[in-house]
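Position 1 is the first residue of the sequence, and the numbers go up from there.
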Amino acid sequence: MNDNELIFGLMSEFGRHDYSFEELKKLTTPFDVSETSLRTNLSRMIHKDTIQSRKHGKAAYYGLSKKVAASVPI
């Protein structure tokens with residue numbers, strides 16, 4: 001399993017609309033995903049329209065894109 005698959009799996013498994021970067025960092029740390037790798041993979045996933053991001057003040061939040069969320073079973 002690569003980092004993209006791990007991040008996607010975690011985000012889709014818990015069924016939440018969005019996650020802060022800090023939450024994703026805590027979720028991926030046990031799997032030895034570095035902060036740099038997390039940032040890189042989130043950026044790539046946004047570019048591929050797998051996830052979307054939004055800012056609230058200085059905090060960034062990430063969630064499945066509408067296209068992907070519609071295809072993920074609940």
Side-chain angles (χ1 to χ4, degrees):
M1 177 183 304
N2 64 36
D3 292 350
N4 277 344
E5 293 168 338
L6 173 67
I7 295 165
F8 179 80
L10 290 169
M11 292 177 82
S12 60
E13 181 65 27
F14 295 116
R16 292 178 44 195
H17 292 287
D18 57 14
Y19 300 83
S20 70
F21 179 80
E22 292 303 316
E23 290 171 323
L24 290 171
K25 190 166 115 177
K26 287 179 186 176
L27 288 170
T28 57
T29 296
F31 299 95
D32 294 324
V33 177
S34 69
E35 185 173 333
T36 302
S37 180
L38 178 59
R39 289 184 189 280
T40 299
N41 282 290
L42 289 171
S43 178
R44 289 177 180 163
M45 292 171 79
I46 291 168
H47 184 70
K48 292 179 182 178
D49 197 30
T50 305
I51 64 171
Q52 58 190 7
S53 68
R54 68 177 177 85
K55 295 277 263 183
H56 185 73
K58 291 186 178 185
Y61 293 87
Y62 302 89
L64 298 177
S65 69
K66 291 178 184 178
K67 174 182 78 172
V68 171
S71 66
V72 174
I74 297 174

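Interatomic distance, K48 NZ to F8 CZ, rounded to the nearest 0.5 Å: 12.5 Å. In this structure, OG1 on T28 lies 4.5 Å from CG on L38, to the nearest 0.5 angstrom. With rounding to the nearest 0.5 Å, the separation of CD1 in I46 from CD1 in I51 is 4.5 Å. Taken from CG in D3 to CE in M45, the straight-line distance is 10.0 Å, to the nearest 0.5 Å. For the atom pair CG (N41) and CG (L24), the distance works out to 11.5 Å, reported to the nearest 0.5 Å.
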Kindly indicate, with the supporting measurements, whether the criterion side-chain contact (heavy atoms from CB on, under 4.5 Å) is fulfilled by I7 and Y62.
CA-CA 11 Å; I7 295 165; Y62 302 89; over 6 Å; no
Evaluation steps, side-chain contact (heavy atoms from CB on, under 4.5 Å), between R54 and Q52
CA-CA 7 Å; R54 68 177 177 85; Q52 58 190 7; over 6 Å; no
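With hydrogens and angles disregarded, a donor-acceptor distance shorter than 3.5 Å links the side chain of E5 to the backbone of N2. In this structure, the side chain of Y19 engages the main chain of M11 through a donor-acceptor pair within 3.5 Å.
In terms of the side chain to side chain contact (heavy atoms under 4.5 Å, CB included) criterion, residue partners of F31 (sequence neighbours excluded) are, by chain and number, L6, V33.
Taken together through direct or relayed side-chain contacts under 4.5 Å among Ile, Leu, Val, Met, Phe, Trp and Tyr, V68 and L42 form part of one hydrophobic cluster. L64 and Y61 are not part of a single hydrophobic cluster, where members link through side-chain heavy atoms under 4.5 Å apart.
Counting only residues at least two apart or in different chains, salt bridge (charged side-chain N to carboxylate O under 4.0 Å, His left out) contacts with residues 58-68 comprise D49-K67. Applying the salt bridge (charged side-chain N to carboxylate O under 4.0 Å, His left out) test to every pair with at least one member in residues 36-46, sequence neighbours left out, gives these pairs: E35-R39.
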